[in-house]
Amino acid sequence: MRPILFHIGSLPVHAWGVMALIAFAAAGAVLGSELHRHGFVRGDALTLVAAAAFGGLAGAKLYFLAEHAAQSPGSVSGSGFTWYGGVIGGAIAVLVAAWRHRIPTAVLLGSAAPALALGYGIGRIGCQLAGDGTYGVASSLPWAMAYPHGAVPTTIAVHPTPVYETLAMLLIFAVLWRLRRKVAPTRLFAIYLILAGTERFLVELIRRNDDVLLELTQPQLWSAALVGAGAVVLVQTRGARAVVAAKPATG
């Protein structure tokens with residue numbers, strides 16, 4: 001079977017941004033629903049999502065620029081972003097916003113877990129549409145794709161890893177959504193860390209990233225850290241209750 005040629009045309013200019021907006025909106029809806037379930041107003045989610053968007057995009061851009069500091073300014077694309085930078089920047093911004101709104105950390109983490117999974121899964125659709133270079137290595141599988149008109153073009157059939165990640169993260173979202181009433185919020189977030197970290201570690205096996213340490217890529221090192229952190233939290237929170245006391249909703 002011939003590989004799919006993913007003709008995108010002018011989509012790279014707008015697709016990533018449009019899908020990012022949809023991802024933030026979907027994540028915000030889930031976050032608002034979960035905050036309301038814990039006794040907080042849905043409107044708090046708007047502030048947290050805005051903080052995540054600003055901090056996440058700023059962190060992703062700064063991390064990308066730091067990674068490519070050795071390159072000449074003209075060789076660094078203005079559209080470059082790095083996911084782990086976004087995680088760091090977004091997490092800092094959200095924690096500050098949650099502190100100002102007096103949302104307990106446990107409630108924040110438990111509410112954010114399914115929202116993060118859904119948002120990331122939708123966001124990867126933008127990467128697929130834009131052909132931004134986050135695809136995998138060459139492949140002869142029937143569903144392998146080329147991205148001749150992508151932001152980072154290739155005419156070689158490769159693994160469409162953004163598609164893999166979207167499917168995996170939507171499955172993770174479904175798992176977290178089913179568990180959210182059965183496990184303590186902090187433990188739910190720990191499960192998210194383990195599942196999301198494992199997903200990214202595995203997809204890196206077929207991604208086009210260079211090894212940096214012990215034959216592991218930088219995202220794999222970050223992923224291993226997330227899995228480890230999640231495992232530690234699960235061990236430390238054994239016996240934690242599924243219900244967390246929260247302030248009454250005021251609107």
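Annotation: ring pair (Phe, Tyr, Trp, His ring centres under 6.0 Å) contacts of Trp99 (sequence neighbours excluded): none. Take Glu199 and apply the salt bridge (Lys or Arg N to Asp or Glu O under 4.0 Å) test, not counting sequence neighbours, and it matches no residue. With sequence neighbours excluded, no residue forms a salt bridge (Lys or Arg N to Asp or Glu O under 4.0 Å) with Arg208. The side chain to side chain contact (heavy atoms under 4.5 Å, CB included) test applied to Ala27 returns Ala115, not counting sequence neighbours. Under the side chain to side chain contact (heavy atoms under 4.5 Å, CB included) criterion, Ile122 pairs with Met19, Ile22, Ala23, Ala26, Leu118, sequence neighbours left out. Judged as a side chain to side chain donor-acceptor pair (under 3.5 Å), and not counting sequence neighbours, Thr154 has no contacts. Scored by the side chain to side chain contact (heavy atoms under 4.5 Å, CB included) test, Leu221 finds Val212, Leu213, Leu216 as partners (sequence neighbours excluded). Legend: residues meeting side chain to side chain donor-acceptor pair (under 3.5 Å) with Thr134, ordered by chain and number and at least two apart, are Asp132.
Considering all non-hydrogen atoms of both residues, Gly55 and Ala93 come closest at CA-CB, 3.9 Å. Taking each heavy atom of Gly121 and Thr166 in turn, the nearest pair found is O-OG1, 2.9 Å. Across every non-hydrogen atom of Ile103 and Val107, the tightest pair is CG2-CG1, 4.2 Å. When all heavy atoms of His159 and Tyr164 are compared, the pair lying nearest together is ND1-OH, 2.9 Å. Closest approach of Leu48 to Ala97, counting heavy atoms only: CD2-CB, 3.7 Å.
With contacts defined as side-chain heavy-atom distances shorter than 4.5 Å, the pair Val163/Trp143 does not qualify.
Residues Leu171 and Val203 are members of separate hydrophobic clusters, defined by side-chain heavy-atom contacts under 4.5 angstrom among Ile, Leu, Val, Met, Phe, Trp and Tyr. Under a hydrophobic-cluster definition in which Ile, Leu, Val, Met, Phe, Trp and Tyr are linked whenever side-chain heavy atoms come within less than 4.5 Å, directly or via other members, Val175 and Val183 are assigned to the same cluster.
Distance alone, capped at 3.5 Å, places no donor-acceptor pair between the Tyr147 side chain and the Val158 backbone. Using modelled atom types, one side-chain atom of Thr198 and one backbone atom of Ile194 make a donor-acceptor pair closer than 3.5 Å.
For residues 221-235, no pair satisfies salt bridge (charged side-chain N to carboxylate O under 4.0 Å, His left out), with sequence neighbours left out. Sorted by first and then second residue, the salt bridge (charged side-chain N to carboxylate O under 4.0 Å, His left out) pairs involving residues 24-35 (not counting sequence neighbours) are Glu34-Arg37, Glu34-Arg180.
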| Are His38 and Ser111 close enough, and set up right, to give a side chain to side chain contact (heavy atoms under 4.5 Å, CB included), and what steps lead you there? | CA-CA 9 Å; His38 286 291; Ser111 300; 3.5 Å; yes
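Other members of a hydrophobic cluster containing Val96 are absent, since no ILVMFWY side chain comes under 4.5 Å of it, directly or through relayed contacts.
By the neighbour-count criterion of 12 heavy atoms within 6.0 Å, atom CD1 of Ile156 is sparsely surrounded, having that number or fewer from other residues, nucleotides or ligands.
The structure places CG of Leu116 at 9.5 Å from CG of Leu109, a figure rounded to the nearest 0.5 Å.
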Mind listing the side-chain donor-acceptor pairs of residues 228-237 below 3.5 Å, one per line with the distance, residues two or more places apart or on another chain?
unit_1 : atom_1 : unit_2 : atom_2 : d
Thr237 : OG1    : Arg187 : NH1    : 3.2
Thr237 : OG1    : Val233 : O      : 2.7

